[in-house]
Structures are given as structure tokens and as C-alpha cells.
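Keep in mind it's a predicted model, so treat the numbers as computed, not measured. Keep in mind that the numbers below use all heavy atoms, side chains included, and drop hydrogens, waters and symmetry copies.
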Amino acid sequence: MKKGEGPEVPVKVFLVAGEPSGDALAARMMVGLKQCLTDQTIEFSGVGGPLMEKEGLVSLFPMDELTIMGIAEVLPKIPHLLKRIHQTAQSAIDMTPDVFISVDAPDFSFRVAKKLNSASFTKIHYVAPSVWAWRPGRAAKIARLYDHLLTLLPFEPPYFEKEGLSATFIGHSVIEAGADKGNRQVFRISHGFKDNDPILMVLPGSRRSEVSRHLDIFRETVLRVQKLIPELSVIVPVIGKSADIVREHLKSWPLKSVIIDGEQDKYDAMAGADVALAASGTVGLELALAKLPAVIAYKMHPITAYLARKLVKLDYVNLINILSKKEVVPEHLLENCKPSNLAPSLVELFENK
């Protein structure tokens, strides 16, 4: 019903995102829905982060409670996570939305969806689990939970369609985020850098656990690089609850460091930097779009790392490398994520034009 023709009934959308990358994806989806449904009011409910809240979501609880990765890290949190799963599912049932959309975070999302099996509203999952990389049985599992799947990669729908779940390839919205539109000159001038000053962008992750694991390793790496590039400076974007950890840790880094807060500032910084050291994640795609040479790193809890080696079937974790079927972007993961490996790879990127 169009506005002005009678009592307006809002379109009710229940969203669930459990980590910063999902928050960004869901927020862009919210913008798109509002652009498509210009004649109707949309009522958003569910769980999300600051980007979703900016678009009108009031989160049931802080999304940061769910940003946990790895079996060893999750185990102590299980009682609280079970409580949040029940709370989220019950809230969706009480709302009776027109559509329920979970975004990534499969460990949380799928458990919520399972509790909604008897609900009559449409259930959609956004971001296909990487069944082509590990645990292919998940395709059949989520086919029983959802009515439709939205995938980021073009080769993913057949894995799920053969299990009876309709799927649509929609691409990755990071393409529209603006990572390729940063302004190098604006960044360098505003932060007092000359055009030829060597700058390393450091991205230790978005989850607090990731940041805590990586910062000591990245600090030692940066110090090794600094010995060969004495004029080196670093720029570090921060996000959410991990920002305080980063700010405190950088106080002990004996070189010029700039902390960046905000999406556009981050993309200007990508344009302004020469090389990046990044924890594996969606940021790898942003760096590729920004054409910023990068080294990808990732450290896990030893128990989680052991299980990952047993279960994951991929040679690489960065999507550029996966699609290229070769190591275009240097990766140093798990036991190889150490300064003695990271530093030479970074220096190579600085020196090899």
C-alpha cells in the first residue's frame, strides 16, 4: 500500500549478523532494501553492529558478544551463546517478520534458524558457507533450514541447488564499498606525510581475539622492517570494541603511527599507504580493490589451528589466491605467521617496484 492511501503496514525484516564483515554486508543490504521499497516503511529488528544500527536497527544485544572464532575460543562462551541463540529465535518468532535474513556467522545463524523450523515466515541466508573448501555436508544441513540462499561467488549455487535449496549469486557488496576510491593526496597531506615517505598499513583483524593474537607478532614484524626502512611509519584502522586494544598497544611501537577510525578514512589510508600487513578476512578484497600490495597473515589458537589443518581442503585463504589458483598475494598462516616470515615478504613489496 502506498503512503497516503490508508494505514501503512511496514515491511518487517528480522536481521542477524554476528561479526563486523556481516555488519557491513547487512548494512548495505538495508540501504538497498530502502532504495527498492521507497513506497513502504521498513521495520528492522534483530542483531547487528554499528553500521546496521546507523541504518535503523536496534540490536537485541551487542553484536560483539558473538565475534568469537575458533573451537578453543568458543567453548568457554557456550552457555552465554546458547542463551543468545534462544533469545534471538524467540524475538524473531514474536515479531513474525515478513522475512528473516541471517548474514554469515554460520555457527550462530544456523542454530537460530534451526529454532525457527516451524515458523511460517520466509528464511534467507546471505553468504554461502564455503562447502567447496571444507565440511561439504553443510549444504544439505542448511537446505533444511532456509528457503533461499544468497551467494557471493558465481560457482556456489549448484552446491546447494542439488540439495534442494534455491540459491542466487549476487556478488560481493565490497565492490560497492568505495575501497577503490580512496584519495592518496588527501590522506598524506592531512596527516603530514610527504609523497615519498614509506607507509605500512597494519590491519590486525576485527575480532578482539584476532587483534590480541596478532598485535605482538605484527609489532615485532614492523620493528624488523624498520631496521631496513628506517623512515617507516604505520597506519592502523580500528573498529568496534577492538579499538581500545589497538590504541593501548600502539603506545609501545617506537615509530610514527596513525590510527584511523571510519570507512572513508580507511579507504583514503589504503590509497595513501605503500604496503599492507593484514589479518586474513574481507579486508583482503578491499586491499585488492585499492590496489595496495599486501601480505596476509593469520594466527589461531593451537587447538583451532590443529583442527583447521585437518578439515580445510584449500591451499590458500585469500580469495584472490583461491580464484587465481596460485599465491598472488603472499600468505603466512598458522605456524608460519611469525616475524621472520612476515618481515622479508613486506620488505620485498616495498623494494620491488
Side-chain angles (χ1 to χ4, degrees), residues 13-26 28-30 32-33 45-48 52 60 63 66-71 74 77-78 81-82 84-93 95-174 281-282 304 307-308 310-314 317 319 322:
V13 180
F14 195 98
L15 290 164
V16 174
E19 54 192 9
S21 59
D23 182 40
L25 289 170
R28 294 178 198 133
M29 175 184 282
M30 292 167 75
L33 286 171
S45 299
V47 180
M52 294 167 70
L60 291 171
M63 186 191 72
L66 307 179
T67 55
I68 309 165
M69 184 175 182
I71 293 174
V74 168
K77 306 282 187 180
I78 285 178
L81 290 172
L82 291 175
R84 291 308 196 193
I85 289 166
H86 176 78
Q87 177 188 0
T88 304
Q90 189 58 54
S91 181
I93 292 168
M95 180 189 183
T96 59
D98 294 289
V99 61
F100 168 91
I101 307 173
S102 54
V103 184
D104 211 359
D107 290 330
F108 185 81
S109 296
F110 296 169
R111 285 170 172 81
V112 172
K114 188 174 182 179
K115 290 182 174 293
L116 303 177
N117 262 341
S118 59
S120 59
F121 47 79
T122 299
K123 294 176 281 292
I124 297 173
H125 187 65
Y126 180 18
V127 183
S130 303
V131 296
W132 39 271
W134 70 303
R135 290 170 60 193
R138 289 177 295 169
K141 175 184 175 182
I142 74 163
R144 298 190 293 268
L145 302 177
Y146 292 94
D147 301 297
H148 198 77
L149 177 67
L150 304 175
T151 80
L152 303 183
L153 303 175
F155 57 79
E156 292 178 312
Y159 285 93
F160 301 91
E161 290 169 338
K162 72 179 183 180
E163 301 295 345
L165 177 62
S166 62
T168 303
F169 161 60
I170 62 170
H172 203 305
S173 68
V174 73
T282 304
T304 307
L307 293 172
K310 294 290 184 183
L311 296 173
V312 178
K313 299 183 292 183
L314 291 175
V317 298
L319 188 56
I322 292 171

Problem - Pairs satisfying side-chain hydrogen bond (donor to acceptor under 3.5 Å, both in side chains), at least one member in residues 146-164, at least two apart - result: Ser102-Tyr146, Trp132-Glu156, His148-Ser166, His148-Thr168
Hey, can you pull the donor-acceptor pairs under 3.5 Å for the side chains in residues 109-118, sequence neighbours left out?
from: Ser109; atom 1: OG; to: Asp104; atom 2: O; distance (Å): 2.8
from: Ser109; atom 1: OG; to: Ala105; atom 2: O; distance (Å): 3.1
from: Arg111; atom 1: NH1; to: Asp107; atom 2: O; distance (Å): 2.8

Completion exercise
Residues at least two apart in sequence or cross-chain that pass salt bridge (charged side-chain N to carboxylate O under 4.0 Å, His left out) with Arg28, listed by chain then number, are none
Nearest-0.5 Å distance, [atom1] of residue [X] to [atom2] of residue [Y]:
| X | Y | atom1 | atom2 | result |
| --- | --- | --- | --- | --- |
| His125 | Ile142 | NE2 | CD1 | 6.0 Å |
| Leu145 | Phe100 | CG | CZ | 10.0 Å |
| Asp98 | Phe121 | CG | CZ | 10.5 Å |
| Thr88 | Leu15 | OG1 | CG | 12.0 Å |
| Ile170 | Leu152 | CD1 | CG | 6.5 Å |
| Phe160 | Leu149 | CZ | CG | 5.5 Å |

Ignoring hydrogens, what is the shortest heavy-atom contact between [X] and [Y]? Give both atom names and the distance.
| X | Y | value |
| --- | --- | --- |
| Phe14 | Met95 | CD1-SD, 3.6 Å |
| Ser130 | Arg138 | O-NH2, 3.3 Å |
| Pro154 | Pro157 | O-CD, 3.5 Å |
| Phe108 | Leu81 | CE1-O, 4.3 Å |
| Val131 | Ala139 | CG1-N, 3.8 Å |

Exercise for the section: Spell out, as yes or no, whether a donor-acceptor pair under 3.5 Å connects the side chain of Asp23 to the backbone of Met52. Expected result: yes
Practice task
Answer yes or no: is there a side-chain heavy-atom contact under 4.5 Å between Leu33 and Met30?
Solution key: no
Handout entry: Close side-chain approach of Leu25 to His172, heavy-atom, < 4.5 Å
Key = yes
